Amino acid sequence: MLERITRSVTSASIFLAGYFLLNIALRIALPHTLDLDEAEQSFYSQYLLAGYGPQPPFYNWIQYAIVSVTGISMWVLSVPKNIILFGCYLFYGLAAREVLKSRSLAAVAMLSLITLPQVGLMAQRELTHTVALLFATSLFLFGFFRTLRQPTIGSYLIIGIATGIGLISKYNFAILPFAALIAVLPEREWRSRLIDWRLLPAAVLAILIVLPHALWLPDNLASASAPTLERMTAEHLAPAGLPRIGQGLLSLVIAVLGFVALPIVLLAAAFRRDFSRALSSSSPMIRVIERLMIISLVAFVGVVLFAGASDIHERWLDPCLLVLSIYLFLKLETADLDLSAGLARFRPVVPVFMVVILSILLFRIVGIQYIGTYTRTNVPFSGYVAELTATRKPVLIVAGTKFVAGNMRLEFPDIPVVIPFFPGAGVPEYADAKGPVLVIWRGETADDPTISPGFANDLVSSGIHLQELKTLTLPYLFGDGKRSFSIGYSWVEGGAK
């Protein structure tokens with residue numbers, strides 16, 4: 001059966017579609033408390049903006065467009081994400097088909113994406129903007145390889161679309177088209193692709209896609225870049241000067257190893273001696289991919305040296321190293337070896353990974369009492385809502401964080417949910433409210449719902465004066481009953497005072 005599934009990208013895609021349907025079903029079956037990225041999408045889906053802060057807006061625009069038609073629900077948060085992830089695998093398979101002669105190898109390369117932890121597990125767990133980045137990267141690789149092999153106006157436009165989507169999905173995507181441009185230069189056969197007139201409409205298309213956000217960015221550069229730079233530099237942990245550079249380079253090496261180790265080990269175990277023999281094989285396409293990865297990683301070295309980055313995360317390497325599986329299978333194919341035995345050993349890895357990933361996604365929620373580390377999805381928001389609205393319902397909800405705001409938005413899809421001064425709607429919403437307003441927040445820790453000074457000051461500046469601060473504590477979902485999560489809340493009457 002597995003051999004039939006991997007005969008072509010089409011049959012593998014059908015198999016993957018079933019897997020993503022299972023992921024959707026599992027997320028719907030689990031508690032509808034939203035994790036951080038899901039909560040942000042729920043909250044942001046109320047607004048169509050050119051920028052939303054530290055993350056580019058592509059995924060937010062997609063979510064807003066769908067919510068505008070269907071309304072907010074767990075389905076609306078889960079289905080688009082899995083469709084975009086499926087698109088990542090699909091275009092990756094099409095990219096593999098452009099460079100691999102064997103349709104079966106292309107299908108296996110496509111399915112092997114699931115062995116990359118950042119794609120197989122982390123993207124399903126909580127990420128959203130990175131999911132869009134993965135899709136854009138696969139789409140770019142498809143357009144890029146197709147342009148090298150058989151250039152058409154369509155292939156160039158695919159590159160333009162992917163570049164535009166990538167740049168407004170994650171800023172680090174910019175490394176990929178730059179690295180691809182440099183990687184092609186030494187190959188005389190393909191150098192002419194860089195001065196083809198069809199590159200111009202592709203560039204125009206990319207600019208048009210990016211333009212709304214690009215116009216927003218100069219006036220909002222601090223809010224767009226500060227949180228990311230803070231995470232990268234880890235100023236509270238890293239020393240200055242050479243020690244910081246050393247820490248940054250070590251962090252980059254660890255991130256690269258964490259990204260590539262598992263698929264390399266699995267392929268080496270499956271193909272054994274053939275894998276080591278294939279490592280020396282080369283071709284023009286292999287050389288281009290090698291340069292693509294090396295130049296991308298050198299760019300990150302530059303970030304460490306010149307931007308002071310000391311903490312590189314694995315997911316930031318997605319546009320640099322996503323091509324790894326295609327590269328390894330191209331090496332194997334170019335070596336001209338009999339790969340049938342290795343493929344037979346590798347194929348079962350894919351369904352095993354699917355089962356393991358689904359089990360992890362399930363057990364990290366329902367088996368939390370045995371793990372001990374409670375997730376945001378175990379917070380009993382539906383229980384809070386039942387308690388808080390037993391006698392009255394709000395006409396407006398003012399939340400202290402995006403995590404709280406997004407979850408309340410899901411629980412009250414027809415009620416505005418605002419955070420003071422984001423996106424400038426806090427004051428007018430409250431001033432116009434005719435009825436009870438629920439102000440709700442979480443504290444610094446799960447058992448301490450003390451209102452933060454910053455949120456308290458924002459409320460006062462918005463004209464909201466809390467009369468009585470209350471606490472509601474409920475046990476975690478699927479917990480042992482001994483650990484609880486507390487929120488703070490207050491009811492006030494709408495209208496500026």
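Worth saying up front: this structure is predicted, and the values here are computed from it rather than measured. Numbers here are sequence positions counted from 1.
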**Student:** Of the non-hydrogen atoms in F58 and S169, which two are nearest, and what is the gap between them?
**Tutor:** CD2-OG, 3.6 Å
**Student:** Determine, step by step, whether M74 and L34 satisfy the side-chain contact (heavy atoms from CB on, under 4.5 Å) criterion, reporting the C-alpha distance in whole Å, the side-chain angles of both residues, the deciding distance to 0.1 Å, and the verdict.
**Tutor:** CA-CA 9 Å; M74 197 69 244; L34 306 178; 3.7 Å; yes
**Student:** Is it the case that the side chain of Y92 and the backbone of F142 share a donor-acceptor pair, with hydrogens and angles ignored and the cut-off at 3.5 Å?
**Tutor:**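 No; zero donor-acceptor contacts below 3.5 Å.
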**Student:** Under a 4.0 Å N-O cut-off, is there an ion pair linking E38 with R27?
**Tutor:**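 The answer is yes: the pair qualifies as a salt bridge.
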**Student:** Could you check, using the six-membered ring where one of them is a Trp, whether F403 and F381 have ring centers closer than 6.0 angstrom?
**Tutor:** yes
**Student:** Would a 4.5 Å heavy-atom cut-off, applied to side chains only, mark L176 and T137 as touching?
**Tutor:** yes
**Student:** Determine, stepwise, if the pair S155 / I159 fulfils side-chain contact (heavy atoms from CB on, under 4.5 Å).
**Tutor:** CA-CA 7 Å; S155 69; I159 292 176; 5.9 Å; no
**Student:** Is the ring pair H213/W216 parallel, tilted or perpendicular, if the boundaries are 30 and 60 degrees?
**Tutor:** parallel
**Student:** Can Q41 and K81 be counted as having a side-chain donor-acceptor contact under 3.5 angstrom?
**Tutor:** no
**Student:** Using side chain to side chain contact (heavy atoms under 4.5 Å, CB included) as the criterion, point out the one residue from L252, V253, I254 that pairs with V256.
**Tutor:** L252
**Student:** I'd like to know if the side chain of N60 pairs up with that of E40 as donor and acceptor (distance under 3.5 Å, no hydrogens or angles considered).
**Tutor:**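 No pair is found: no donor N or O on one side chain lies under 3.5 Å from an acceptor on the other.
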**Student:** Measuring centre to centre across the rings, with the benzene-like ring taken for any Trp, is F91 within less than 6.0 Å of F135?
**Tutor:** yes
**Student:** So, does W441 use its side chain to make a donor-acceptor pair with the main chain of T401 at under 3.5 Å?
**Tutor:** no
**Student:** Should C320 and F259 count as side-chain neighbours, where that means a heavy-atom distance under 4.5 Å?
**Tutor:**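 Counting from C-beta outward, C320 and F259 never come under 4.5 Å.
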**Student:** Test side-chain hydrogen bond (donor to acceptor under 3.5 Å, both in side chains) on Y44 and Q63 and set out the steps.
**Tutor:** CA-CA 8 Å; Y44 287 152; Q63 199 71 75; over 6 Å; no
**Student:** Between S8 and S11, do the side chains contain an N or O donor and an N or O acceptor separated by less than 3.5 Å?
**Tutor:**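 Checked: S8/S11 side chains pair up, N/O donor to acceptor below 3.5 Å.
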**Student:** Do the side chains of L317 and L297 get nearer than 4.5 Å, heavy atoms only?
**Tutor:**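 They are in contact (side-chain heavy atoms under 4.5 Å apart), so the answer is yes.
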**Student:** Can you confirm whether F485 sits close enough to L474 that some side-chain heavy atom of one is under 4.5 Å from a side-chain heavy atom of the other?
**Tutor:**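 Side chain of F485 against side chain of L474, heavy atoms only: no contact under 4.5 Å found.
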**Student:** Hey, mind stepping through I357 and Y19 against side-chain contact (heavy atoms from CB on, under 4.5 Å) and telling me if it holds?
**Tutor:** CA-CA 11 Å; I357 289 170; Y19 169 68; 3.5 Å; yes
**Student:** Atom OG1 of T33 and atom CG of N378: how far apart are they, to the nearest 0.5 Å?
**Tutor:** 8.0 Å
**Student:** Under 3.5 Å, is there a donor-acceptor pair linking the side chains of S461 and D458?
**Tutor:** no
**Student:** Given side-chain hydrogen bond (donor to acceptor under 3.5 Å, both in side chains), test N82 with Q124 step by step and report yes or no.
**Tutor:** CA-CA 8 Å; N82 279 276; Q124 277 293 354; 2.9 Å; yes
**Student:** Please list, chain by chain and in numerical order, all residues satisfying side-chain hydrogen bond (donor to acceptor under 3.5 Å, both in side chains) with Q118, sequence neighbours excluded.
**Tutor:** E314
**Student:** Do any N or O atoms from the side chain of Q46 and from the backbone of F43 form a donor-acceptor pair under 3.5 angstrom?
**Tutor:** yes
**Student:** Hey, are the side chains of V99 and F329 touching, using non-hydrogen atoms and a 4.5 Å cut-off?
**Tutor:** no
**Student:** With the side chain counted from C-beta on, respond yes when L105 and R103 share a heavy-atom pair under 4.5 Å apart, and no when they do not.
**Tutor:**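 Heavy-atom side-chain distance check fails, nothing below 4.5 Å.
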**Student:** Could you go through F145 and F140, starting from their C-alpha distance and side-chain angles, then the distance that decides it, and tell me whether this counts as side-chain contact (heavy atoms from CB on, under 4.5 Å)?
**Tutor:** CA-CA 8 Å; F145 292 144; F140 181 89; over 6 Å; no
**Student:** With a 3.5 Å distance limit and no angle check, can you tell me whether T115 reaches the backbone of S112 through a side-chain donor-acceptor pair?
**Tutor:**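 Judged by distance alone, yes, a pair lies under 3.5 Å.
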**Student:** May I ask you to test the I72-L77 pair for a side-chain heavy-atom distance under 4.5 Å?
**Tutor:**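 Of all side-chain heavy-atom pairs linking L77 with I72, at least one is under 4.5 Å.
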**Student:** Can we call the ring centroids of Y384 and Y489 under 6.0 Å apart?
**Tutor:**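 No, too far apart.
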**Student:** Could you tell me which non-hydrogen atom of L148 sits nearest to which non-hydrogen atom of R193, and how far apart they are?
**Tutor:**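 Minimum heavy-atom contact is O-NH2, 2.7 Å.
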**Student:** Is the backbone of T377 close enough, under 3.5 Å, to the side chain of D35 for a donor and an acceptor to pair up by distance?
**Tutor:**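 Not at all, since once roles are kept as given, no pair shorter than 3.5 Å links the two residues.
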**Student:** Who passes side-chain hydrogen bond (donor to acceptor under 3.5 Å, both in side chains) against S138, sequence neighbours left out?
**Tutor:** none
**Student:** Evaluate the side-chain proximity of L358 to L362: yes if any heavy-atom separation is below 4.5 Å, no if none is.
**Tutor:** no
